[in-house]
Amino acid sequence: MPDIRPVRGTHDLHGDELRRHRHVTATAAAVARCHGFDEIATPIFEFTDIFARSLGDTSDVVAKEMYTFEDRGGESLTLRPENTAGVVRAVVSGGLLQSPPLKLFYAGPMFRYERPQKGRLRQFHQIGVEVLGAAEPAADVEVVALGQQVLEQLGITRGVTLEINTLGDPESRQAYRATLVRYLEGHKARLSADSLTRLGHNPLRILDSKDEGDRAVIAEAPIIDDSLNEASRDFFAAVEEGLAELGIACTRNHKLVRGLDYYTHTAFEFTSTELGAQSAVLAGGRYDGLSRAIGGPDMPGVGWAAGIERLAMLTADPPPLPRPVAVVPIGAAAESAARLLAHELRRAGHRVELAYKGKPGQRMKRADRQNARWAVLIGEDELSRGSLTLRDLDTGREQAVERIALSTRLADDAAQTE
RNA sequence: GCGGGUGUAGCUCAGUCGGUUAGAGCGCCAGAUUGUGGCUCUGGAGGUCGCGCGUUCAAUUCGCGUCACUCGCCCCA
C-alpha cells in the first residue's frame with residue numbers, strides 16, 4: 001500500500017462507479033426537466049451563518065459535523081453539509097423569485113465530518129429539487145411525485161416504501177412539542193440516556209429512537225394529529241388526497257420527524273430495506289420558515305434531497321456505452337492512412353479506437369478488449385485496391401467496403417442496434 | 001464521537017501452531033501466430049503480507065498503537 005492516501009471518507013470516482021453516478025444524475029435531471037424544473041449550481045461553501053441559522057444550533061450537523069474554516073480575510077466559511085440553505089440564499093440574494101413558483105434542480109458534492117459507513121461519506125453527492133414561493137399543497141404533491149418517478153426510472157423499487165407525516169405549521173408544531181414533552185416528562189425513568197438529552201433540545205427526535213425502552217414509551221405517546229390546528233389539518237389532507245389521485249401509495253408514519261428545525265407541514269421519506277442502517281434513500285419536506293431564518297423574506301418552500309452514492313448502490317447497471325470501431329493498420333505503410341481514416345470517422349461522430357503502436361494481432365486483441373463492434377483493417381492490399389476490410393468482431397465475417405461508404409455503413413449499423 | 005469485525009499481488013482469496021526464495025484463480029504483458037481478436041498452450045512482470053513500535057536469535061504470523069475499510073450506535077441522504 002503506497003503511503004499516499006485519499007482523505008478519510010472521500011472516494012475517487014472512475015470507471016463503472018463514476019458512470020453509475022452520472023447515470024443517476026442524468027436520469028434525475030431528465031425527470032426534473034419533465035416537471036418544469038431548471039438547474040441551479042451554487043457554491044460549495046457559504047458563510048457559516050447560512051448553515052448555522054438554517055439548521056438550528058441544536059442539530060448535530062451544526063454541532064459537530066460541519067467543515068468550518070476561516071479564510072484569509074478572517075471570514076468563517078463552511079463547506080455545505082446540504083444544499084437547501086444555499087439554494088434559498090442564492091434565490092434571495094440574486095432576486096430570482098420574480099414570478100413564483102421557482103422550481104430548481106441541483107446535483108453536487110456535500111460535506112459532513114462524520115464516521116464513514118456504507119453509503120455515508122465525508123464528501124458525498126446529492127441530487128435534489130426545491131420549489132420556492134409556493135404555499136400550495138399541490139407543490140408538495142408534485143415534488144413527491146417527481147421523487148417517485150426518479151426512483152422508478154432508476155429501477156429502484158424493490159423494498160422501497162414511501163412514508164409521510166406532517167409537522168404542521170409553527171403553531172401546531174409548538175403545541176405538539178409541548179404536549180409531547182409533558183408526556184415524556186412523566187416517563188423519564190423509562191427513557192434512554194440519549195433520549196433524556198434530546199428531551200431538552202430536540203424532543204421530536206425521540207419519536208424515531210431505535211432504543212427498545214424508548215419505543216415502548218413512544219408507542220403510547222400522543223400523536224401530532226391532536227395538536228394540529230385546522231389550517232394544518234386541511235393542508236395535510238390536501239397532500240394526502242393529491243397523492244391518492246396520482247395513485248402514489250404511501251404509509252402514514254406518525255414518528256417520521258425531521259432533525260432540521262426549518263421543516264413545517266409535510267415530511268416524507270422513501271426508505272429502502274437494502275441499505276443497512278442508512279435506510280433513507282430520498283427524503284424531504286416543506287420548509288416555510290427557512291428563508292426567514294437565514295435573513296431573507298417570507299418564502300415558502302418544499303423539496304427533497306437524495307444521496308447519489310445510495311442511489312447508485314441500488315440502481316441497475318447503467319445503459320452500456322456505444323461500442324467503438326477499431327481501426328487496425330497492417331504494416332508500416334498503412335499507419336498514416338489509418339490515422340487519417342480514424343480522424344475522419346471521429347469527425348463524423350463515430351467512437352473510434354486506434355492504438356498508438358503494436359502488431360496487427362496485438363491491436364486486434366486490444367480491439368476485442370475494448371468491446372469493439374467492428375475492426376476496420378487497412379493494409380497494402382486495401383491501399384492498392386482503394387477499399388477497406390470491415391471485420392465483424394462478433395461473427396468474424398469480413399467484407400470489402402469502399403472508403404467513401406464506410407461512415408454511413410457504420411452509422412446505419414449503430415442505428416439498427418439501438 | 002462510541003462499540004465490534006477485517007486488512008496478504010490490480011481483483012477474489014489461500015497460507016504461515018514464529019524459521020531461509022509467500023501461493024492460487026482471474027486480470028495484465030510477451031511468445032506459439034512476421035495481414036487478424038475471442039479458445040488453447042508456454043513463459044513473464046507484479047507483494048517492504050496496511051503502517052509504526054515492541055517481544056524474539058528470527059515477526060507476514062505474537063502484543064500494543066495507528067491508519068483504512070466494514071457492521072452497529074449517534075445523526076443523517
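So you know, we letter chains A, B, ... as the sequences are listed, proteins then strands, and number each from 1.
- Of the listed nucleotides (B:rA77, B:rC2, B:rU36), B:rC2 has the atom at the smallest distance from the side chain of A:Arg115.
- Between the side chain of A:Arg120 and the base of B:rA77 there is no donor-acceptor pair of N/O atoms closer than 3.5 Å.
- Closest-nucleotide positions on RNA chain B for A:Asp208 and A:Val7 were compared, and the one nearer the 5' end corresponds to A:Val7.
- For the OP1/OP2 pair of B:rA30 and a distance below 4.0 Å, the side-chain nitrogens and oxygens of A:Gln362 include at least one atom meeting the criterion.
- Taking the P atoms as reference points, B:rC41 lies 11 Å from B:rG25, given to the whole Å.
- Scanning atom types as modelled, one donor and one acceptor separated by under 3.5 angstrom connect the side chain of A:Glu398 and the base of B:rU36.
- Taking all atoms of both residues into account, the shortest heavy-atom contact from A:Pro300 to A:Arg286 is CB-NH1, 3.8 Å.
- Minimum atom distance to the side chain of A:Leu393 is reached by B:rG37, of the listed B:rG1, B:rG37, B:rC76.
- Among B:rC73, B:rU36, B:rC75, the nucleotide with an atom closest to any side-chain atom of A:Pro360 is B:rU36.
- Look at B:rG31: its Watson-Crick or wobble partner, with both distances under 3.5 angstrom, is B:rC41.
- For B:rC49 and B:rC29, the C1' atoms lie 25 Å apart once the distance is rounded to whole Å.
- The side chain of A:Lys365 contributes no N or O atom lying less than 4.0 Å from OP1 or OP2 of B:rC28.
- Counting only heavy atoms from C-beta on, A:Thr389 has its side chain closest to B:rU36 among B:rU36, B:rC74, B:rA77.
- Rounded to the nearest Å, the gap between the P atom of B:rU12 and that of B:rA59 is 29 Å.
- Across the C1' atoms, B:rG47 and B:rU42 are found 24 Å apart, a figure rounded to whole Å.
- No N or O donor and acceptor, one from the side chain of A:Asp368 and one from the base of B:rG38, sit under 3.5 Å apart.
- The side chain of A:Tyr113 has B:rG1 as its nearest neighbour among B:rA68, B:rG37, B:rG1.
- Judged by atom type and distance alone, A:Arg205 does not reach the base of B:rC75 through any side-chain donor-acceptor pair under 3.5 Å.
- Only the C1' atoms considered, B:rC64 is 28 Å distant from B:rA14, to the nearest whole Å.
- Distance check on atom P: B:rC11 versus B:rC73 gives 30 Å, rounded to whole Å.
- In this model, no side-chain donor or acceptor of A:Arg363 finds a partner on the base of B:rG37 within 3.5 Å.
- Between A:Arg8 and B:rA68 there is a side-chain polar atom (N or O) within less than 4.0 angstrom of OP1 or OP2.
- Taking only side-chain atoms of A:Met364, from C-beta outward, the nucleotide of B:rG37, B:rC76, B:rC69 with the closest atom is B:rG37.
- Contact between A:Val141 and A:Val239 at its shortest, heavy atoms only, is CG2-O, 3.7 Å.
- Comment: A:Asp368 does not engage A:Lys365 in a salt bridge, judged by the lack of any side-chain N to carboxylate O separation of less than 4.0 angstrom.
- A:Glu46 has no carboxylate O lying under 4.0 Å from a charged side-chain N of A:Arg53, or vice versa, which leaves the two without a salt bridge.
- Comparing the C1' positions of B:rC75 and B:rC2 gives a spacing of 13 Å, expressed to the nearest Å.
- Of the C1' atoms belonging to B:rG18 and B:rC62, the separation is 8 Å, rounded to the nearest Å.
- Distances from the side chain of A:Phe124 to the nucleotides B:rA77, B:rC29, B:rC75 place B:rA77 closest.
- A:Arg403 has a carboxylate O that lies under 4.0 Å from a charged side-chain N of A:Glu344, or vice versa, which qualifies the two as a salt bridge.
- Classification of A:Arg366 and A:Glu353 as a salt-bridged pair fails, no side-chain N sitting under 4.0 Å from a carboxylate O.
- Remark: A:Arg373 is not in phosphate contact with B:rG37, judged by side-chain N or O atoms under 4.0 Å from OP1 or OP2.
- In this structure, A:Asp394 and A:Lys359 both approach RNA chain B, and ranking their closest nucleotides by distance from the 5' end singles out A:Lys359.
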